[in-house]
There are 2 protein chains.
Amino acid sequence: MINIAAHSFHDATAIKLPQPAMAIAPMMAAKGLHSSAIRKVACNETLWCEGDERSHIFVVRTGAVCLSRTLPNGRRIVLDFAYPGDIIGLGADTQPCDAHTVQLTRLEAIPVAAFKRAVAEDPEFGRQASIQVANALSAAYQHVVVISKLSANERLASFLMALSRRNEAHGLSPMSILLPMKRLDIADFLGLTIETVSRTFTRFREAGLIAMDQHNVVVFRDLAKLRALAAGEGEHD
Amino acid sequence: MINIAAHSFHDATAIKLPQPAMAIAPMMAAKGLHSSAIRKVACNETLWCEGDERSHIFVVRTGAVCLSRTLPNGRRIVLDFAYPGDIIGLGADTQPCDAHTVQLTRLEAIPVAAFKRAVAEDPEFGRQASIQVANALSAAYQHVVVISKLSANERLASFLMALSRRNEAHGLSPMSILLPMKRLDIADFLGLTIETVSRTFTRFREAGLIAMDQHNVVVFRDLAKLRALAAGEGEHD
DNA sequence: GCGGTCGTGTGACAGTGTGTAACAGCCTTC
DNA sequence: GAAGGCTGTTACACACTGTCACACGACCGC
């Protein structure tokens, strides 16, 4: 359930935070762990459920994965999204959340046994994995901040800016992003309803902050203002 | 910033989750790490700030510590509380949050260097520390759930029941708890305002769910209903 | 005693976001 | 091309929580 990309979800405190320690990815490649089978998974398929014994570590190749929890009465919370390049399933032996695809997704599946062998052989490898978990924790803290103290406008801006920064980190343009998930997933991630998300998109369009030709493509028109919103500097105070 | 006790903040999903792996505490004792100096810290003192290099791992002996983040505009979010027996400061080398005391607190301070030596000597020790971080992540996920999907009533119930369970786990009565922190800390932890927290306490009293002679002592009168509330089973749906 | 601060509790009111609903656009299916 | 399902958008009344204001008690120094 550890999601390296989660670490990019830092707007309010982006400057202070350590860089995502991606060192583990090349280490995994060097160990031949990437030779594992590649799975092609349809949209809306469950990878694991909360409480499951962890069986594999997954590396997302294409598509997107959604990490969530569900309350007894059916209310769902999205804890994180995993995008291509992200590693999910690090951490404890018992899954702390559900994981399901939100698109047609290709994954590399690394059996936990193989992963643990690699850790046992090379302590540095285990150390890198721990750093990823610590980064995920820091990202979860940031998620708490976003949900508990930001307005709907600020939350959506924070979400969009995280994706923009992710694009930038991957050598793509930060001026536009592609939303692989549905409005409901965004709403459940930001602790809002689907209607509020929809309304906020509309407000951003009307205010000239963004432009949208399609439902899943966002072009940024005023990155500075969006970043200020995302950092919680706008509106109140 | 890792807080073992945080793990007890699981009401909605308590059954599914692994037991707090306290194995690391006796291991630390066995390694003589506990021989470190004990610090007596006044109320409202800062132990570290977000972004600081980690210098010590702390074991709380008495009192209570509050882990928080602050937004650029001054809005504060409490991420967790650490109580006697809890270990804080595990995880990454850069602190992901602030830490300050909310009471007169006695702490054992273990220098990071000594801790790292112990990890290098004994991989199992490092593994136990990683498990603590993973547990803290699971607790942070639960915090996201509480804040994003529960009502004010449910949030406060969730908080009170976590403390009740903690008492139970420590061999004390689950029927009453002591609140070491102020209303403002509780409010910032639950993503509410101090007024809402105050009103919710009053509502609980009037509904016969709790009794309070003093501001910081809560006696539970209807644990079953409170637990249902905490699990998000009450009210809506 | 007095006046000050701090923490807490309570009331009136406003505002944000929600719930419910209807509707539009796009896709698949027949 | 029509029917139906899914996703997204918009409108409006309502509820919950936040904001602002003030009262109360405990504690402290004068």
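In what follows, chains carry the letters A, B, and so on, assigned in the order in which the sequence lines appear, proteins first and then strands, with residues in each chain numbered from 1.
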Who are the side-chain contact (heavy atoms from CB on, under 4.5 Å) partners of [X], not counting sequence neighbours?
X        : answer
B/Cys43  : none
A/Arg39  : A/Val41, A/His56, A/Phe58, A/Ala109
A/Ala207 : A/Leu209
A/Ala169 : none

Report summary line: residues 204-217 of chain A vs salt bridge (Lys or Arg N to Asp or Glu O under 4.0 Å), sequence neighbours excluded, gives none
**Report entry** Contacts of A/His100 that satisfy ring-ring contact (aromatic ring centres under 6.0 Å, His included) - sequence neighbours left out
**Finding:** none
Listing, residues 174-194 of chain A side-chain donor-acceptor contacts under 3.5 Å, not counting sequence neighbours, or none:
unit_1	atom_1	unit_2	atom_2	d
A/Arg183	NH1	A/His215	O	3.3
A/Arg183	NH2	A/His215	O	2.9
A/Asp185	OD1	A/Arg76	NH1	3.4
A/Asp185	OD1	A/Arg76	NH2	2.8
A/Asp185	OD2	A/Lys182	N	3.4
A/Asp188	OD1	B/Lys149	NZ	3.4
A/Asp188	OD2	A/Arg76	NE	2.8
A/Asp188	OD2	A/Arg76	NH2	2.9
A/Thr193	OG1	A/Glu195	OE1	3.4
A/Thr193	OG1	A/Thr196	N	3.3
A/Thr193	OG1	A/Thr196	OG1	3.0

Identify each atom pair where a protein N or O and an N or O of nucleotides 20-26 of chain C are less than 3.5 Å apart, giving names and distance.
unit_1	atom_1	unit_2	atom_2	d
C/dT20	O4	A/Glu195	OE2	3.4

Requested in this report: Check salt bridge (Lys or Arg N to Asp or Glu O under 4.0 Å) between A/Glu168 and all other residues, then give those that pass, not counting sequence neighbours.
Outcome: A/Arg227
Requested in this report: Mind running side chain to side chain contact (heavy atoms under 4.5 Å, CB included) on B/Thr105 and B/Leu47 for me, showing each step along the way?
Outcome: CA-CA 11 Å; B/Thr105 299; B/Leu47 297 181; over 6 Å; no
Report summary line: Double-helix bend of the helix from C/dG1-D/dC30 to C/dC30-D/dG1, axes at both ends from 5 pairs, round to 10°, gives 30°
Query raised in the report: Quick one, which residues of residues 176-185 of chain A touch DNA chain D with a heavy atom under 4.0 Å?
Result: A/Lys182, A/Arg183
